[in-house]
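One structure is given below, encoded as structure tokens.
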Amino acid sequence: MIVVDGVALQPNLETPPSITSFWCNVIGEWVRLGYTRDFIVLVRESQRIGFPGDTVVALIPDYSYENAESDHIGLQSACDQVNASIFISTLYTYPLKTSSVAMVYSMDEVQEFLPSLAAQEKHNTILAASAFICPSKKVSSDLMRKYPGISSEDIEVIYPGLHSDLMPSPPLKVRKFREEKDLTRPYIIFRAGTGERRKIALFALLDSVSELVSGQVPELVYLSVDGSKVDVPLESVMDLSKPIRSRIHNLRLCSDDLPLLYTGAIGLFEIEPELGMGNYAFEAMRCGCPVIILRESEDHQLRQPTETDPWIEISMQPHVISQTIAQLRDTRYRNTILSRGLDYTKSMTWEQAAKRMWSFLKSKARSLRS
């Protein structure tokens with residue numbers, strides 16, 4: 001029996017929607033695939049988000065970081081009652097004895113969304129785990145670098161699925177969307193967010209357009225989606241001593257509008273994303289938008305897209321960014337990138353993500369028994 005702690009869906013923990021969405025989709029697929037006899041979800045008392053009707057659940061007390069020790073005892077009791085073979089938590093919790101798998105979303109979560117009190121509990125969860133699931137190769141590498149005793153054989157990288165309705169939008173709909181949003185020229189996208197590095201990257205993007213000839217200057221869409229946090233106001237990165245050559249659109253869109261925006265863009269620029277949980281890069285690729293990763297590096301060489309990594313990586317230097325923007329206007333080059341991105345994301349379905357996680361949990365449970 002696999003025991004899943006649904007603690008991430010406890011409202012007062014304010015877990016990012018990308019994580020709660022991940023688990024609702026994975027558990028929904030497990031139910032659809034007929035796995036319901038082999039897993040149980042522990043639901044916290046205050047949880048309001050439901051699972052599909054056939055999901056087997058058990059109600060347990062709410063979690064708090066201050067009472068983590070008593071929670072370990074309660075989780076072990078729940079595992080004992082169902083003779084659990086393995087335990088996995090949707091956030092950083094663990095039982096006392098039952099073998100556990102830790103889902104590690106990022107190595108920077110304490111700065112991003114976990115309160116500081118959770119840092120030690122996350123550390124303890126990793127130390128207690130027998131295996132790990134990460135939403136990207138970068139998170140996996142960061143985990144092994146911070147915890148050298150963890151082997152790659154004990155980590156499974158499982159990218160979140162993409163919804164089936166994500167696809168390149170028809171040209172007529174894209175044209176109408178651009179007219180509605182007053183996007184009169186070719187444009188690039190930079191996703192709004194938090195942190196000093198994002199501020200530096202946005203400054204580099206604004207600076208890069210000064211190196212383009214007049215006819216090639218794109219407009220910039222500064223994008224925030226649904227409830228995403230923004231603490232890098234555009235005013236904070238504009239150098240008022242220089243003329244700003246690019247029109248800037250500060251758009252807040254719902255998820256339904258994203259395919260239209262992505263399909264019509266020159267490219268989506270991101271700063272060293274972990275290409276996993278809550279990242280829009282794969283969604284952009286699925287909608288026919290090139291993805292360009294900005295890295296804090298003095299190496300000015302471009303890493304061209306490959307079949308296994310279908311995005312461009314460049315340093316955060318204005319002249320390198322401007323060269324890349326100009327290169328993306330080449331139709332043959334652009335079509336190659338788009339084709340690789342679409343091929344890469346075809347297999348990123350929720351069914352595949354759920355099956356891979358199920359197979360990994362089952363195999364770990366068997367190996368730990370033997």
Side-chain angles (χ1 to χ4, degrees), residues 2-24 26-27 40-49 58-80 84 86-136 138-151 154-156 158 194-195 229 274 276-278 357 360-361 364 368:
I2 296 171
V3 173
V4 182
D5 184 2
V7 62
L9 280 71
Q10 182 177 312
N12 68 317
L13 296 180
E14 298 183 348
T15 310
S18 57
I19 293 177
T20 56
S21 172
F22 177 91
W23 282 102
C24 287
V26 165
I27 290 171
I40 185 171
V41 180
L42 304 180
V43 175
R44 302 290 173 153
E45 288 178 341
S46 64
Q47 180 179 321
R48 296 293 178 265
I49 301 174
L59 194 65
I60 63 172
D62 276 358
Y63 176 77
S64 71
Y65 297 112
E66 294 83 359
N67 297 315
E69 288 298 325
S70 61
D71 196 71
H72 301 324
I73 296 170
L75 291 176
Q76 186 58 56
S77 175
C79 288
D80 291 341
I86 202 157
F87 171 94
I88 183 167
S89 177
T90 57
L91 209 54
Y92 300 108
T93 60
Y94 61 94
L96 296 174
K97 296 182 296 181
T98 301
S99 298
S100 63
V101 173
M103 180 84 185
V104 181
Y105 302 104
S106 167
M107 294 311 295
D108 298 321
E109 289 150 331
V110 172
Q111 290 77 25
E112 291 175 5
F113 75 86
L114 288 178
S116 57
L117 190 60
Q120 187 60 46
E121 198 58 24
K122 176 182 177 181
H123 174 70
N124 293 340
T125 300
I126 292 172
L127 294 181
S130 303
F132 306 87
I133 294 174
C134 298
S136 74
K138 183 179 185 300
V139 177
S140 171
S141 299
D142 289 348
L143 177 64
M144 288 187 288
R145 184 164 55 251
K146 188 164 184 178
Y147 295 88
I150 295 175
S151 165
D154 294 323
I155 302 176
E156 183 78 356
I158 300 177
T194 61
K229 294 181 180 179
E274 294 173 334
M277 197 68 62
M357 179 176 284
F360 182 70
L361 292 173
K364 282 299 171 185
L368 290 167

**Message:** Checking Val7 against Ser89 for the side chain to side chain contact (heavy atoms under 4.5 Å, CB included) test, could you report, in this order, the C-alpha distance in whole Å, the side-chain angles of both residues, the deciding distance, and whether it holds?
**Reply:** CA-CA 7 Å; Val7 62; Ser89 177; 3.6 Å; yes
**Prompt:** So, do Leu75 and Leu96 sit near enough that their side-chain heavy atoms are less than 4.5 Å apart?
**Reply:** no
**Prompt:** Looking only at heavy atoms, which two atoms of Arg44 and Asp71 are closest? And how far apart?
**Reply:** NH1-OD1, 2.6 Å
**Complete:** CD1 of Ile158 to OG of Ser140, rounded to nearest 0.5 Å, is 11.5 Å
**ring-ring contact (aromatic ring centres under 6.0 Å, His included) involving Tyr94 - partner list, sequence neighbours excluded** = His72
**Fill in**
Here the gap from Leu361 atom CG to Ile133 atom CD1, rounded to the nearest 0.5 Å, amounts to 5.0 Å
**Prompt:** Hey, are Asp142 and Lys138 close enough for a salt bridge, meaning a charged N less than 4.0 Å from a carboxylate O?
**Reply:** yes
**Message:** To check you understand the geometry: which heavy-atom pair defines the closest contact between Met144 and Ser151, and what is its length?
**Reply:** SD-C, 4.1 Å
**Prompt:** Could you give the distance from SG (Cys79) to CD1 (Ile2), rounded to the nearest 0.5 Å?
**Reply:** 11.5 Å
**Request:** Would you indicate whether the side-chain heavy atoms of Lys364 and Ile86 approach each other to under 4.5 Å?
**Result:** yes
**Heavy-atom check, side chain of Ile88 versus side chain of Ser100, under 4.5 Å** = no
**Prompt:** If you round to the nearest 0.5 Å, how far is OH of Tyr105 from OH of Tyr92?
**Reply:** 6.5 Å
**Asked** Under 4.5 Å between any side-chain heavy atoms of Ile126 and Ile150, yes or no?
**Response** yes
**Message:** List the residues meeting salt bridge (Lys or Arg N to Asp or Glu O under 4.0 Å) with Arg48, not counting sequence neighbours, and say none if there are none.
**Reply:** none
**Item:** Minimum-distance pair of heavy atoms, taken over all atoms of Ala8 and Thr20
**Value:** O-CG2, 3.6 Å
**Complete:** NE2 (His123) and OH (Tyr147) are apart, to the nearest 0.5 Å, by 5.0 Å
**Item:** Closest contact, heavy atoms only, Thr90 versus Asp5
**Value:** OG1-O, 2.8 Å
**Prompt:** If you look at every heavy atom in Val139 and Val104, which pair is closest and at what distance?
**Reply:** CG1-O, 3.4 Å
**Asked** Sub-3.5 Å donor-acceptor pair from the side chain of Gln47 to the main-chain atoms of Ile49, do we have one?
**Response** yes
**Asked** Tell me, do Trp23 and Val4 make a side-chain contact under 4.5 Å, heavy atoms counted?
**Response** yes
**Item:** Shortest non-hydrogen separation from Pro95 to Gln76 and the atoms involved
**Value:** CB-OE1, 3.4 Å
**Asked** Going by atom types only, do Ser64 and Asn67 share a side-chain donor-acceptor pair under 3.5 Å?
**Response** yes
**Message:** What I'd like to find out is whether the side chain of Glu121 reaches to under 4.5 Å of the side chain of Asn124, using heavy atoms alone.
**Reply:** yes
**side chain to side chain contact (heavy atoms under 4.5 Å, CB included) assessment of Ile60 paired with Ser77** = CA-CA 10 Å; Ile60 63 172; Ser77 175; over 6 Å; no
**Request:** Evaluate the side-chain proximity of Phe22 to Met103: yes if any heavy-atom separation is below 4.5 Å, no if none is.
**Result:** yes
**Asked** Heavy atoms, side chains only, cut-off 4.5 Å: are Thr93 and Phe87 in contact?
**Response** yes
**Spatial distance of atom CD1 (Ile155) from atom SG (Cys134) [nearest 0.5 Å]** = 5.0 Å
